[in-house]
2 protein chains.
Amino acid sequence: MPGGPRWWSGRFRGCGYRLTIPRQAILEALTRSDEHLSAEDIYLAVRKVYPGLGLTTVYRTLDILKQMGLVFKFDFGDGRSRYELARGPNVTHHHHLSCRSCGRVVDYSEFVEKEKSLLEEIESTLSKKHNFKINSHQIHFYGLCSSCQ
Amino acid sequence: MPGGPRWWSGRFRGCGYRLTIPRQAILEALTRSDEHLSAEDIYLAVRKVYPGLGLTTVYRTLDILKQMGLVFKFDFGDGRSRYELARGPNVTHHHHLSCRSCGRVVDYSEFVEKEKSLLEEIESTLSKKHNFKINSHQIHFYGLCSSCQ
DNA sequence: GTCGATGCAAAAAATTTGCAAGTAA
DNA sequence: TTACTTGCAAATTTTTTGCATCGAC
């Protein structure tokens, strides 16, 4: 992972937010992992390479990234928010299936092709009807896993 | 709203949980409202008719109802969890469209018919593949509302 | 009669805010 | 240079726990 400019640098141009070292380090950490990271997970991961980081900065950065549409924020029911990169070269668009009882979460990425036309249609209609500029979506299935049935 | 047995009473039979006054009152409050209620909203609403209620009971009840699949728990980004009845005679199956910037949430229920076959297919495949007993789902679109664009 | 459920007070955690100092643009 | 950012400490808020009492089945 060399140190060239990243795909996200363009997203920071002219949006009022500055692309600082801590923010880059947080984006790198999110890129490096394909887990559902909590703010503290990110804090600990980034501190290994950038020990000066404060937890407050992680929260503030995640909030900005969420508003920019670069990360998703999830509540998987374990008392802390979890974050995932929403786009980027290494990101596979996927959805979640979770157990209502134990909270286990499975990612799946089948059907993304099949979903496409339906979701585009919904997106287009909702955009017009409610005057939204829609740019992402999430599908979540709930149930009981094999151990909890 | 007369006092006969409710549709949910059957759901409590033989599941180990008891159908108590506070639990019924909380379910009534959820039925009465079509908003995205926080635990405190529910607490305040129920106390008008059942002043003895404690906030702790609201949290504990919502947790149980979530596990039973009777309510959905959402994080709409305002720092508190929000709850909705997931099923029942008065419930219209719907999804959400929310603004990444101001957090405004719009419910929509178009497309539920069109979604049906696709979601059933996904559900069936995921059920087999991951050995889950799936019984509900949620779709969430994200974007910028007219005021925030 | 049992064993789960409740409410209160206290505790635990996650997240946010104030502020002086640092730094991208 | 000018705002935007940062990290720390302190504060805020939501949610959870311990425990004696109560009540559904």
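Chain letters run A, B, ... following the sequence lines, proteins first and then strands; every chain starts at 1.
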S.K.: What are the two closest non-hydrogen atoms of A:Cys102 and A:Cys145, and how far apart are they?
M.R.: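 Minimum heavy-atom separation between A:Cys102 and A:Cys145: SG-SG, 3.8 Å.
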S.K.: Scan nucleotides 17-20 of chain D against the protein and return all N/O pairs shorter than 3.5 Å with their distances rounded to 0.1 Å.
M.R.:
{"from": "D:dT17", "atom 1": "O4", "to": "B:Thr56", "atom 2": "OG1", "distance (Å)": "3.4"}

S.K.: With B:Asp75, which residues qualify under salt bridge (Lys or Arg N to Asp or Glu O under 4.0 Å), at least two apart?
M.R.: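 Counting only residues at least two positions away or on another chain, B:Asp75 forms a salt bridge (Lys or Arg N to Asp or Glu O under 4.0 Å) with A:Lys73.
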S.K.: For the residue pair B:Val46 and B:Ala29, what are the closest heavy atoms and their distance?
M.R.: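 Where B:Val46 meets B:Ala29 most closely, the heavy atoms are CG2-CB, 3.7 Å.
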S.K.: For residues 44-52 of chain B, which residues have at least one heavy atom under 4.0 Å from DNA chain C?
M.R.: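 Only B:Tyr50, B:Gly52 qualify.
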S.K.: What are the 5'-most and 3'-most nucleotides of DNA chain C lying under 4.0 Å from any heavy atom of chain B?
M.R.: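 Contact boundaries, 5' end first: C:dC3 to C:dA9.
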S.K.: With nearest nucleotide decided by heavy atoms, which residue, B:Tyr17 or B:Ser81, maps closer to the 5′ end of DNA chain D?
M.R.: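 Closer to the 5' end of DNA chain D: B:Ser81.
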S.K.: Give a yes or no answer on whether the side chain of B:Ser124 reaches the backbone of B:Glu120 with a donor-acceptor pair at less than 3.5 Å.
M.R.: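 Pair absent, no side-chain N/O of B:Ser124 close to backbone of B:Glu120.
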S.K.: Heavy-atom nearest nucleotide on DNA chain C for B:Leu55 versus B:Gly16: which residue maps closer to 5'?
M.R.: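 Comparing both residues, the 5'-ward one is B:Gly16.
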S.K.: Please answer whether the main-chain N or O of A:Gly69 pairs with a side-chain N or O of A:Arg87 as donor and acceptor at a distance below 3.5 Å.
M.R.: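 Present.
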S.K.: Using atom CG of B:Asp75 as one end and atom C1' of D:dT14 as the other, report the distance to the nearest whole Å.
M.R.: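 My rounded result for the distance is 12 Å.
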S.K.: Please list, for nucleotides 11-13 of chain D, all pairs of protein and nucleotide N/O atoms separated by less than 3.5 Å.
M.R.:
none

S.K.: Distance check needed: D:dT14 P versus B:Asp41 CG, whole Å only.
M.R.: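 About 11 Å, once rounded to whole Å.
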S.K.: Using links of under 4.5 Å between side-chain heavy atoms of ILVMFWY residues, direct or through other members, which residues join B:Val112 in one cluster?
M.R.: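 Members besides B:Val112: none; it forms no cluster.
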S.K.: Taking 4.0 Å as the cut-off, does a side-chain nitrogen or oxygen of A:Arg23 come that near to OP1 or OP2 on D:dT5?
M.R.: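 Checking D:dT5 against A:Arg23, a side-chain N or O does come within under 4.0 Å of OP1 or OP2.
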S.K.: Given atom CG of A:Leu19 and atom C1' of D:dC4, what is their separation to the nearest angstrom?
M.R.: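 Atom-to-atom, A:Leu19 to D:dC4, this comes out as 13 Å.
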S.K.: So, using ring pair (Phe, Tyr, Trp, His ring centres under 6.0 Å) as the criterion, who are the partners of A:His93 when residues are at least two apart?
M.R.: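 Testing A:His93 for ring pair (Phe, Tyr, Trp, His ring centres under 6.0 Å), a comparison that skips the adjacent residues, returns A:His95, A:His137.
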S.K.: Can you give me the closest heavy-atom contact between A:Gly54 and A:Tyr43, atom names plus distance?
M.R.: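 Shortest heavy-atom separation between A:Gly54 and A:Tyr43 comes out as C-CE1, 3.7 Å.
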S.K.: If only atom types and distance count, is the side chain of B:Asp41 paired as donor or acceptor with the main-chain N or O of B:Ser38 below 3.5 Å?
M.R.: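 Judged by distance alone, yes, a pair lies under 3.5 Å.
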S.K.: Can you pull out how bent the helix from C:dG1-D:dC25 to C:dA25-D:dT1 is, comparing the axes over its first five and last five pairs, to 10°?
M.R.: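 Result, rounded to 10 degrees: 60°.
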S.K.: Write down the distance between CD1 (A:Ile26) and P (D:dG7), rounded to a whole number of angstrom.
M.R.: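 Checked: the CD1 to P distance equals 8 Å.
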S.K.: With sugar-phosphate meaning primed atoms plus P, OP1 and OP2, does B:Ser38 contact a base, only sugar-phosphate, or nothing at under 4.0 Å between heavy atoms?
M.R.: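 Touches nothing.
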S.K.: Between D:dA24 atom C1' and B:Arg13 atom CZ, what is the distance in whole Å?
M.R.: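 The answer, rounded to whole Å, is 12 Å.
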S.K.: Tell me if a side-chain donor or acceptor on B:Arg47 pairs with a main-chain N or O of B:Leu53 at a distance below 3.5 Å.
M.R.: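 Yes, B:Arg47 side chain to B:Leu53 backbone: donor-acceptor pair under 3.5 Å.
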S.K.: Apart from B:Val105 itself, what residues make up its hydrophobic cluster when side-chain heavy atoms of I, L, V, M, F, W and Y under 4.5 Å apart count as a link, directly or indirectly?
M.R.: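 So far as hydrophobic clustering goes, B:Val105 is joined with A:Tyr142, B:Phe72, B:Phe74, B:Phe76.
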S.K.: Quick one: are A:Leu85 and A:Leu65 in side-chain contact, heavy atoms under 4.5 Å?
M.R.: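 Counting from C-beta outward, A:Leu85 and A:Leu65 never come under 4.5 Å.
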S.K.: Would you name the heavy atoms of B:Tyr83 and B:Leu30 that are closest together and state the gap between them?
M.R.: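 Residues B:Tyr83 and B:Leu30, closest heavy atoms: O-CD2, 4.2 Å.
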S.K.: Show the nearest heavy-atom pair for residues B:Glu110 and B:Glu115, with the distance to one decimal.
M.R.: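 Taking B:Glu110 first and B:Glu115 second, the nearest heavy atoms are O-OE2, 4.4 Å.
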S.K.: Under 3.5 Å, is there a donor-acceptor pair between the side chain of A:Thr61 and the main chain of A:Thr57?
M.R.: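 Yes, because the side chain of A:Thr61 sits within donor-acceptor range (under 3.5 Å) of the backbone of A:Thr57.
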S.K.: Which residues in residues 63-73 of chain A have at least one heavy atom lying under 4.0 Å from any atom of DNA chain D?
M.R.: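 Residues of residues 63-73 of chain A that come under 4.0 Å of DNA chain D do not exist, since none gets that close.
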S.K.: By side chain to side chain contact (heavy atoms under 4.5 Å, CB included), which residues pair with A:Ser146, not counting sequence neighbours?
M.R.: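 With sequence neighbours excluded, A:Ser146 shows a side chain to side chain contact (heavy atoms under 4.5 Å, CB included) to A:Arg104, B:Asn131, given in chain and number order.
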S.K.: Would you call the rings of B:His36 and B:His96 parallel, tilted or perpendicular, taking 30° and 60° as the class edges?
M.R.: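 The arrangement is perpendicular - the two ring planes meet at more than 60°.
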S.K.: Spell out, as yes or no, whether a donor-acceptor pair under 3.5 Å connects the side chain of A:Arg23 to the backbone of A:Arg18.
M.R.: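 Here the side-chain-to-backbone pair exists.
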S.K.: If you link I, L, V, M, F, W and Y whenever their side-chain heavy atoms are under 4.5 Å apart, who else ends up in the same group as B:Ile122?
M.R.: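 Answer for B:Ile122: A:Leu97, A:Val106, A:Tyr108, A:Phe111, A:Leu118, A:Leu119, A:Ile122, A:Leu126, A:Phe132, A:Ile134, A:Ile139, A:Phe141, B:Leu97, B:Val106, B:Tyr108, B:Phe111, B:Leu118, B:Leu119, B:Leu126, B:Phe132, B:Ile134, B:Ile139, B:Phe141.
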